[in-house]
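Lettering of chains follows the sequences in order, A, B, ..., and the numbering in each one begins at 1.
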2 protein chains.
Amino acid sequence: MAARATGKSGKQPTINDVAALAGVSKKTVSRVINRSEFITEKTRLAVQQAIETLGFVPNPQARALAFRRNFLIALLHDNPNAQTVLNFQQGVLDAIKDSDLALLVRPVDRGSGAMLEDVRIFLEKQRPIGAMLLPPISENDELAALCESLGVRYVRVGSALLDDARHCVSSNDREVVAEAVRKLIALGHRRIGFVRGPAGFRSAAEREKGFHEALEEAGLSLADDHYAPGNYRYTAGVEAGEKILSLAEPPTAIFCSNDEMAAGVMSVAHGKGMAVPGELSIIGFDDSPTATHIWPTLSTVRWPIREMGVRAARTLVADFLGKEAKLAEDESPVLPSTFIERQSVAPPPPR
Amino acid sequence: MAARATGKSGKQPTINDVAALAGVSKKTVSRVINRSEFITEKTRLAVQQAIETLGFVPNPQARALAFRRNFLIALLHDNPNAQTVLNFQQGVLDAIKDSDLALLVRPVDRGSGAMLEDVRIFLEKQRPIGAMLLPPISENDELAALCESLGVRYVRVGSALLDDARHCVSSNDREVVAEAVRKLIALGHRRIGFVRGPAGFRSAAEREKGFHEALEEAGLSLADDHYAPGNYRYTAGVEAGEKILSLAEPPTAIFCSNDEMAAGVMSVAHGKGMAVPGELSIIGFDDSPTATHIWPTLSTVRWPIREMGVRAARTLVADFLGKEAKLAEDESPVLPSTFIERQSVAPPPPR
DNA sequence: TTGTATGCGTTATCAA
DNA sequence: TTGATAACGCATACAA
């Protein structure tokens with residue numbers, strides 16, 4: 001570890017120390033730090049040199065005060081799925097690792113009427129350069145408008161494009177669900193059940209669309225009693241399973257709009273002595289840890305959530321830094337999900 | 001929403017606006033904000049009044065610069081368990097909700113040789129008032145020393161007391177594991193297997209101690225081939241299950257040092273056609289979502305992780321604010337875990 | 001108990 | 001292209 005030279009006393013060196021050592025004004029040092037264009041290569045090098053030898057690191061608090069903006073990006077979420085949030089965080093941190101940005105995490109309560117006001121106060125106080133909105137709150141247009149009005153850049157993460165490309169990172173839920181259901185059909189399944197996500201969630205709607213899309217292509221349709229509503233929680237899966245699997249002629253496969261509900265359906269199947277996948281195939285969505293922890297392991301859709309975190313952060317940073325870190329023109333804001341086959345899917349039993 | 005009166009122009013009101021309106025100096029306003037003692041109730045009220053009507057919120061960046069300290073608390077972790085981290089975060093946020101603190105999240109890589117240096121740079125830049133260390137990095141004494149030397153308060157979270165009470169929040173893994181194993185013994189189990197956590201983790205050692213404690217009390221001992229090492233991951237549970245359950249005379253119960261490994265053991269049991277809990281009882285640890293998503297549901301130990309988050313944050317805040325927010329004398333830094341009985345435990349099969 | 005002058009470390013303004 | 005000086009919004013030392 002390089003011995004960090006001290007400025008005057010034993011404190012951290014400041015911009016003044018650098019200026020003195022380099023024989024320039026502190027504004028010039030500031031220009032170097034902020035990559036100003038109007039500076040000769042020679043003075044830049046001299047300043048860089050001084051910065052190096054002093055081990056100078058700009059004080060973020062002072063910069064924040066002067067810039068009227070904190071070098072932070074905020075993650076706003078109200079997500080029931082811990083793994084999703086944490087994977088996303090991980091991606092964000094990958095992306096900002098070498099910048100001088102830090103991550104501020106803020107869970108919000110979409111149930112509370114004060115949510116918007118809470119977020120406003122949070123953003124006004126912390127003044128991050130940008131905010132990332134995870135689903136389901138990413139679907140809230142007022143929230144996006146709030147960020148806009150406060151001068152906080154934002155990126156909305158979702159299951160489909162929710163906004164213009166500059167403000168979006170999304171997956172392609174509809175397409176990949178359709179693909180998964182086509183696989184079931186190709187295996188010979190004709191009676192396929194569906195457990196929906198919560199009303200008002202765009203992801204739930206997208207997955208449902210994909211499901212019907214595949215069915216219709218094959219000239220099939222969803223029987224009323226093969227459908228169950230849900231809320232992305234295990235218990236909803238249990239209720240759905242109890243409803244659908246108690247039928248005289250239950251479906252031979254069920255698509256569940258997330259893994260937790262799929263686990264619920266599977267528990268009911270086990271409880272009823274139905275073999276999975278022998279008598280019942282099950283597909284989930286998320287590729288959460290649950291998908292591999294249950295038995296048999298669950299076929300599901302992997303959401304590229306970590307990559308989405310990287311992309312969201314890069315979008316924010318690109319927007320902030322301007323041309324320097326611009327995303328390539330051809331980088332689509334849609335990151336594809338992939339269907340993952342595991343043990344819970346097999347051909348339907350012979351009649 | 002109350003119309004927020006503006007100070008001079010359309011900007012946010014500053015301490016100057018408040019001082020002008022209240023007819024006092026800005027230093028007096030500052031005293032009110034920082035709860036100085038030397039102030040008359042009358043002026044305090046006048047200032048409070050002015051703050052209210054202006055909707056004044058102190059600018060955290062300016063405070064940070066003047067205080068040489070950011071009003072943030074940092075969460076440092078390198079935890080494989082997303083749910084744990086997020087629950088802890090939730091607790092922390094509960095605790096700081098009404099303060100003007102915000103949460104900074106920083107995953108670190110304990111595998112990297114640069115971890116300490118990374119953390120140092122992070123803390124020097126962000127200057128949080130305190131840091132919370134989650135296991136396993138909470139067990140790193142150098143990290144604690146680093147915080148100390150940088151003047152950053154810290155709290156270490158663990159499975160047992162790792163430091164003096166001021167710097168600790170812990171559970172009582174040893175005791176509660178012993179309790180759980182005693183239940184197995186009381187049910188009649190005599191051959192009980194054990195799947196250990198990773199070497200070098202204090203939690204793994206504590207749980208192991210508790211396991212042996214209960215066995216010894218009952219005059220039992222752990223057979224060599226009923227033991228398997230592990231690393232807290234599902235795959236380790238699978239390996240352990242394959243080893244232990246392939247024995248001619250396998251144990252009738254297995255204690256796994258966390259839920260993921262328990263899920264792995266359970267999968268193997270299912271695969272071998274062993275009934276759980278009919279032929280094999282299984283106990284896990286963590287009460288993660290997995291515990292209730294698998295079938296049958298898993299008896300496990302609930303770690304009061306969210307409460308630990310609350311406590312950790314309160315400890316930091318108390319330390320920061322001094323007497324005002326002091327923790328009660330009798331608040332122990334040990335928050336008890338509890339054993340939760342679900343479906344995966346039953347008496348052993350008759351011989 | 002209150003106010004004045006000054007500092008915190010950086011960026012912005014505008015003239016040179 | 002550079003530099004002197006004034007913000008940025010608040011806290012501290014010291015005086016009143």
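- The 5' end of DNA chain C is approached more closely, in terms of each residue's nearest nucleotide, by B:Thr40 than by the other of B:Thr40 and A:Val29.
- Using a 4.0 Å cutoff on non-hydrogen atoms, no part of residues 42-49 of chain B comes near DNA chain D.
- Between B:Arg311 and B:Glu307 no salt bridge is recorded (no basic side-chain N to carboxylate O distance below 4.0 Å).
- Judged as a salt bridge (charged side-chain N to carboxylate O under 4.0 Å, His left out), and not counting sequence neighbours, A:Glu142 has no contacts.
- A donor-acceptor contact under 3.5 angstrom links the side chains of A:Asn34 and A:Arg63, judged on distance only.
- Scored by the side-chain contact (heavy atoms from CB on, under 4.5 Å) test, B:Leu21 finds B:Ala50, B:Thr53, B:Leu54 as partners (sequence neighbours excluded).
- Rounding to whole angstrom units, CD1 of residue A:Ile51 and P of C:dT10 are separated by 10 Å.
- Under the salt bridge (charged side-chain N to carboxylate O under 4.0 Å, His left out) criterion, B:Glu139 pairs with no residue, sequence neighbours left out.
- A:Ile39 comes within 4.0 angstrom of the backbone, heavy atoms only, and of no base.
- For the side-chain contact (heavy atoms from CB on, under 4.5 Å) test, residues two or more places apart in sequence or in another chain that qualify with A:Leu161 are A:Cys168, A:Ser170, A:Pro333, A:Val334.
- The residues B:Arg106 and B:Asp118 are annotated as not salt-bridged, no charged nitrogen and carboxylate oxygen being separated by less than 4.0 angstrom.
- Note on A:Phe71: nothing from the nucleic acid sits closer than 4.0 angstrom, heavy atoms only.
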Protein and nucleotides 12-16 of chain C: nitrogen or oxygen contacts under 3.5 angstrom:
from, atom 1, to, atom 2, distance (Å)
C:dA12, N7, A:Lys27, NZ, 3.2

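- Side chains of B:Ser112 and B:Asp109: no donor on one and acceptor on the other come within 3.5 Å.
- The interatomic distance linking A:Asp17 (CG) with C:dT10 (C1') rounds to 13 Å, in whole Å.
- At whole-Å resolution of the value, NZ in B:Lys125 and C1' in C:dG9 are 14 Å apart.
- Per the geometry, NZ belonging to A:Lys26 stands 10 Å off P belonging to C:dG9, to the nearest Å.
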